[in-house]
Amino acid sequence: MVHTTDHVKTQTLSLPEELVLMLLNEENGFFHQVPGWDLNCAVVGAVLAELSFRSRIDTDMESLFLLDRTETGDAALDPILEVIAGEPAQRNAQYWIERLAPRAESIIDLTLDHLVDLGILQHHDGGFWTLAHAMGPAGLFNASQDGSGTQFVKTRISQAIFHNEIPDPRDVVIICLINTCDVFRFMFQLDEQTEERIDFICNMDLIGRSIAAAVSHNLAGPLLRRSALAKKIPVVPLRKLLLNPHIRSGNIPALFADLARQYGPVFQLRPPFTEPMIFLAGPATNEWVNRRGRMYLRAKDYFSDFEKVYGANGVLPSLDGADHFRLRKSMAPAYSRRRLASQLDQLYVHMRDHMTEWKVGDAYFATPMCRRMVNAQISPLFVSVDSQDIIDDLMTYKERALNTHIVRVLPQFMLKTPGMRRRAKAVETLLERVQSGHTPAQRSDSPRDLADDFLSLHASDPQFVPESNLRFAFAAALIASVYLGDAVNFALYAMVSQAGLQARVQEEADALFAGGDPQGRDFNPSTIDVTHRLMMESLRIYPIVPMSIRNVMNACLVEGYELPVGSRILIAQTASHYMDDVFPNPFQFDIDRYLSPRLEHNSPGYAPYGLGTHRCLGSRWMELQLTVNVLMVAHYFTLEIAPADFKLKFNPLPSMKPSKKLKFRIVEQRRELPA
């Protein structure tokens, strides 16, 4: 039994829910490393045991019997009960575990969602779960002080194992399943006597013995059979790639959507003089990466050479597992919407100061215009220094490093030319400015920024965040001006190029700023409806980072195709943005996609911020800043595209941006900028 945080009454947890709580590893925000098939079998075993306790089925070592086909009202249990009730022949538990194991992922998803609804678990961006703050880790291990018995399952299990208490039959099943998965050694310190106690408990209950036996007999089977059942990954001929019209326009998401339509969700390219490139594309592979990717894919292999350019090792994009989760949690406040919302007054000042340079009648190249405008805000907000004089060098050096070590379209010596060596010095200049401006005396009355968070984390744990990583951390913070600046660029292009849309955004902006500068809470669905949908559609049709790169650390099957250990995978998560079955008429810019009943973004096919554990940590910050930038430009100016006959093409490397020819002309200044 357990008390929820949002309900007064006591809530009984099901065996699948208790199993999930037992398997949750708060250090990495997911489950203890149980191989996928083992976990699936254990989850199905928990469902069968729960159905037995609810008198729907009975089982012995030989057979499983249906007793009552009446639904339980539990969304995780009833589909399994329906399948069992529809089987005319009598089967044993092992048969049902084999048959039902593929359904385990949906059971886990439903269970996690229910635990979140109960207020027991908290879900974090990136697909992480932790105990809700109101519960706390102590709730898993300690009885409540009032003696009411409102402790979690781990308390009962540890008492049964270590204090020789007579376990409840439900606890016997949990102990059997956890022991079968070989996870106790990660949870507790076990000695020979404790292991004997666990074995003794596992033999106390017939249901637990029969289900655990069925699980243990199936642990290795699917993995051993995997290669024989896997489909051959199709190879895309290079001529098909080179003749695709989206190659000429630079539209990478549309290109991979085309290839996925012709060759399926998993395909490969074999360029000359390099290793084969395996691609995942489509909503089904997106969903797999979100749910299962952390078990099989890692980031550090492809990113290590790039971080070494900055003298770093173990920065956020290259970390996996528990270290990644720990650093992500530590830095989440610095990248949060709340942090930006608390400093909007500064953002308004910096943006207005920058826009005073714009002159009516002049046309500005869109990419540098938007990147420098965003850097004028990002630099003081993130690291509390002015970097307008060095930001071009920082951006150029970073893009050359990405093209050399990540995209690999340039030889390595191109990063060591005299020009690149000169630009590399901007990284040291930035580090010196940040460190000299972040002494205790200078920061005493200042709002906390990202540099404060990194320096504090370095001081408290210099091994986890060493000084050698600070160059990358601070440079990456400013290089966010590239991605956010390009997102602003695309959004302004969309606003200006779509008939009547600029006027609608201006109407929202004027209403929002009519009573003075708005606060964070003022940016809500009712006040920025059109602008918000403009942002969403712009991020769909013009995604800044269209692909992610990972290496396979554990062989796996995706949509029936085997990804071999060591292979490099390119996850084209935005290919689905251009798939008709996900977004009808995908090349049409249509902000009504996000209105009910269409809500086309509510699927794994919408992925502008990446997937899984490495999903963009600052996505909520980016959404707010992107929205504020477009609204302020619309409030003060009217723009037009130059030249008038401009046809949008993309510069796709190392990230998506409009071609260099795009300009914005200042047609009108609608009101004076405050001094």
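It should be emphasised that the depicted structure is a prediction, and the values quoted were computed from it without experimental measurement.
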Would you say that more than 12 heavy atoms from the other residues, nucleotides or ligands in this model lie under 6.0 Å from the [atom1] of [X], or not?
X: R423; atom1: CZ; value: yes
X: Q262; atom1: CD; value: yes
X: K300; atom1: NZ; value: no

Does the separation of the ring centres of Y606 and H577 fall below 6.0 angstrom?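 Yes: the rings meet the under 6.0 Å criterion.
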
Measuring centre to centre across the rings, with the benzene-like ring taken for any Trp, is Y578 within less than 6.0 Å of F587?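 Yes; F587 has its ring centre under 6.0 Å from that of Y578.
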
Heavy-atom pair with the smallest gap, counting every atom of G45 and L177: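 The pair with the smallest heavy-atom distance is C-CD1, 4.2 Å.
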
Would you check if there is a donor-acceptor pair between the side chains of S548 and Q573 at a distance under 3.5 Å?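 Yes.
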
Evaluate the side-chain proximity of [Y] to [X]: yes if any heavy-atom separation is below 4.5 Å, no if none is.
X: I569; Y: V558; value: no
X: L121; Y: L24; value: yes
X: L64; Y: E87; value: no
X: T285; Y: I571; value: no

Pairwise salt bridge (Lys or Arg N to Asp or Glu O under 4.0 Å) hits with a residue in residues 564-574, at least two apart: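 Those involving residues 564-574 do not exist here.
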
Show me the pairs that pass salt bridge (Lys or Arg N to Asp or Glu O under 4.0 Å) and involve residues 313-329, at least two apart or across chains.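 Salt bridge (Lys or Arg N to Asp or Glu O under 4.0 Å) check on residues 313-329 returns R326-D461.
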
Derivation and outcome, ring pair (Phe, Tyr, Trp, His ring centres under 6.0 Å), residues F303 and F306: CA-CA 5 Å; F303 204 83; F306 178 74; 5.2 Å; yes

On the six-membered ring of F30, is R294 placed so that its NZ or CZ lies under 6.0 angstrom from the centre and within 45° of the ring axis?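 The answer is yes, since R294 meets both limits relative to F30.
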
